[in-house]
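Have a look at the structure below, then the notes.
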Amino acid sequence: MTRTLAIASGKGGVGKTWFAISLSQALARMNRRVLLVDCDVGLANVDVQLGLGVVTGLHHAVMGEITLSRAIQTPDGIGFDVLPGRSGAVYSGGLDPLMTGWIGHELLRKSSGYDLIILDLPSGADEGVRELMRLADADIILTTGEPTALADAYGLIKATRRYRVGGVPNIVVNFADDVAAGSQTQAGLGRICDRFLAVKPRSLGIVRRDSRVPEAICRQMPLLQCYPGCDAARDVVAVAETILVMKDWV
């Protein structure tokens, strides 16, 4: 059975796309068939970070210019498939009803050949983001310890709380100076959510700040491929392992 995992963030600049790429590769190396979908049409950068140089992608499929199978790319050596959003795409509708409807009715229903579909969502909490989080089997909200990132993560949890009755949001803290700092970030966000929303986020892991991350991005290669032994790579693998043993996809 295909599972869908949406990766979201309240604000930009928290490392969501490189995390999505790294998580996709970690899961693929655990013998899962993975499709990574860049849903940030127009401001997409999965293709840039992977050096794909593609000319077609998600927006072409949504507009009916190509079939879904033609839009999906299979880059050499990374182990997972990619449906790119294409940076600078002419499609400017963003996550409008046309886009979210196509993803929900075409992509998620016709991609049964995968174990996991990972949706790299645009930052923010607009209606399209909330709708794709609702459609997914599970979601991860990525944040950092910066006050603005935490405030926006809280806002996203609050905005999506109405359809998470009985469930809890999943959190990953990125760019933590160390495990202790990441744990403090998680605890602080947990206290706020518990107090004002009566829900405590579930931690899926902490990813430490690592100089190898920007190096991998500059090389346009997945982190696990060029620096598999670095701290951030090991942390992402740990998150992947936690995801695979989750009994409740909420």
Side-chain angles (χ1 to χ4, degrees), residues 1-9 15-40 44 46-47 49-50 52 54 57-58 61-62 67-85 99-121 129 131-142 163-164 167-172 174 202-205 207 221-225 228 232-250:
M1 179 174 62
T2 303
R3 294 285 195 175
T4 306
L5 176 63
I7 301 180
S9 65
K16 180 170 52 60
T17 294
W18 84 259
F19 173 79
I21 291 171
S22 300
L23 182 64
S24 297
Q25 189 164 56
L27 290 165
R29 290 185 174 189
M30 296 172 183
N31 297 319
R32 267 54 177 192
R33 296 164 296 174
V34 179
L35 172 65
L36 173 60
V37 183
D38 191 341
C39 298
D40 197 355
V46 167
D47 58 329
Q49 290 196 24
L50 290 176
L52 298 183
V54 296
L58 177 60
V62 172
T67 62
L68 173 60
S69 59
R70 284 190 58 201
I72 293 174
Q73 311 291 321
T74 306
D76 293 336
I78 68 172
F80 59 93
D81 290 348
V82 179
L83 180 52
M99 176 68 70
T100 56
W102 186 92
I103 291 173
H105 294 285
E106 294 293 319
L107 174 65
L108 300 187
R109 293 185 180 183
K110 295 182 179 179
S111 300
S112 57
Y114 296 97
D115 298 310
L116 286 160
I117 298 175
I118 296 180
L119 305 178
D120 180 16
L121 303 183
V129 169
E131 175 63 12
L132 290 185
M133 292 178 72
R134 185 188 68 81
L135 290 173
D137 296 302
D139 53 55
I140 293 175
I141 297 175
L142 196 72
Y163 60 79
R164 287 289 183 237
V168 296
N170 300 302
I171 299 294
V172 171
N174 196 21
R202 171 172 51 189
S203 171
L204 297 186
V207 182
M221 293 176 62
L223 181 68
L224 273 68
Q225 188 170 354
R234 293 199 300 269
D235 293 340
V236 173
V237 169
V239 172
E241 292 172 343
T242 299
I243 289 170
L244 293 184
V245 300
M246 285 172 56
K247 295 181 179 179
D248 57 327
W249 283 62
V250 295

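Taking CZ from Phe80 and CG from Asp115, the interatomic distance works out to 14.5 Å, rounded to the nearest 0.5 Å. In this structure, CG in Leu50 is found 5.0 Å from CD1 in Ile78, a value given to the nearest 0.5 Å. Atom CG of Leu35 sits about 10.0 Å away from atom CG of Leu116, to the nearest 0.5 Å. Interatomic distance, OG of Ser9 versus CD1 of Ile140, reported as 12.0 Å (0.5 Å rounding). Atom CZ of Arg32 sits about 12.0 Å away from atom CZ of Arg3, to the nearest 0.5 Å. Rounded to the nearest 0.5 angstrom, Thr4 OG1 and Ile117 CD1 are separated by 4.5 Å.
Shown here for Val34 and Leu27, the closest heavy-atom pair between the two residues is CG2-CB, 4.0 Å. Arg234 and Pro228 make their closest contact through CG-O, 4.4 Å (heavy atoms, listed as atom of the first residue, atom of the second, distance).
Remark: the backbone N or O of Leu224 is paired with a side-chain donor or acceptor of Arg29 at under 3.5 angstrom. A distance-only check finds a donor-acceptor pair linking the side chain of Gln73 to the backbone of Ala71 [under 3.5 Å]. Lys16 contributes a side-chain N or O that, together with a main-chain N or O of Leu121, makes up a donor-acceptor pair within less than 3.5 Å. Looking at Thr17, its side chain never comes within 3.5 Å of a backbone N or O of Val46 through a donor-acceptor pair. For the pair Arg33 (side chain) and Gly113 (backbone), a donor-acceptor distance under 3.5 Å is present.
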Verdict with reasoning, Leu36 to Asp120, per side chain to side chain contact (heavy atoms under 4.5 Å, CB included): CA-CA 7 Å; Leu36 173 60; Asp120 180 16; 4.3 Å; yes
Check the pair Gln25 / Val236 against side chain to side chain contact (heavy atoms under 4.5 Å, CB included), numbers first and verdict last. CA-CA 10 Å; Gln25 189 164 56; Val236 173; over 6 Å; no
Worked verdict on Leu68 versus Trp102 for side chain to side chain contact (heavy atoms under 4.5 Å, CB included): CA-CA 11 Å; Leu68 173 60; Trp102 186 92; 3.6 Å; yes
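Here the options are Ile103, Leu107, Leu119, the test is side-chain contact (heavy atoms from CB on, under 4.5 Å), and the partner is Leu83; only Leu107 passes.
Residues forming a salt bridge (charged side-chain N to carboxylate O under 4.0 Å, His left out) with Asp81 (at least two apart in sequence, or on another chain): none.
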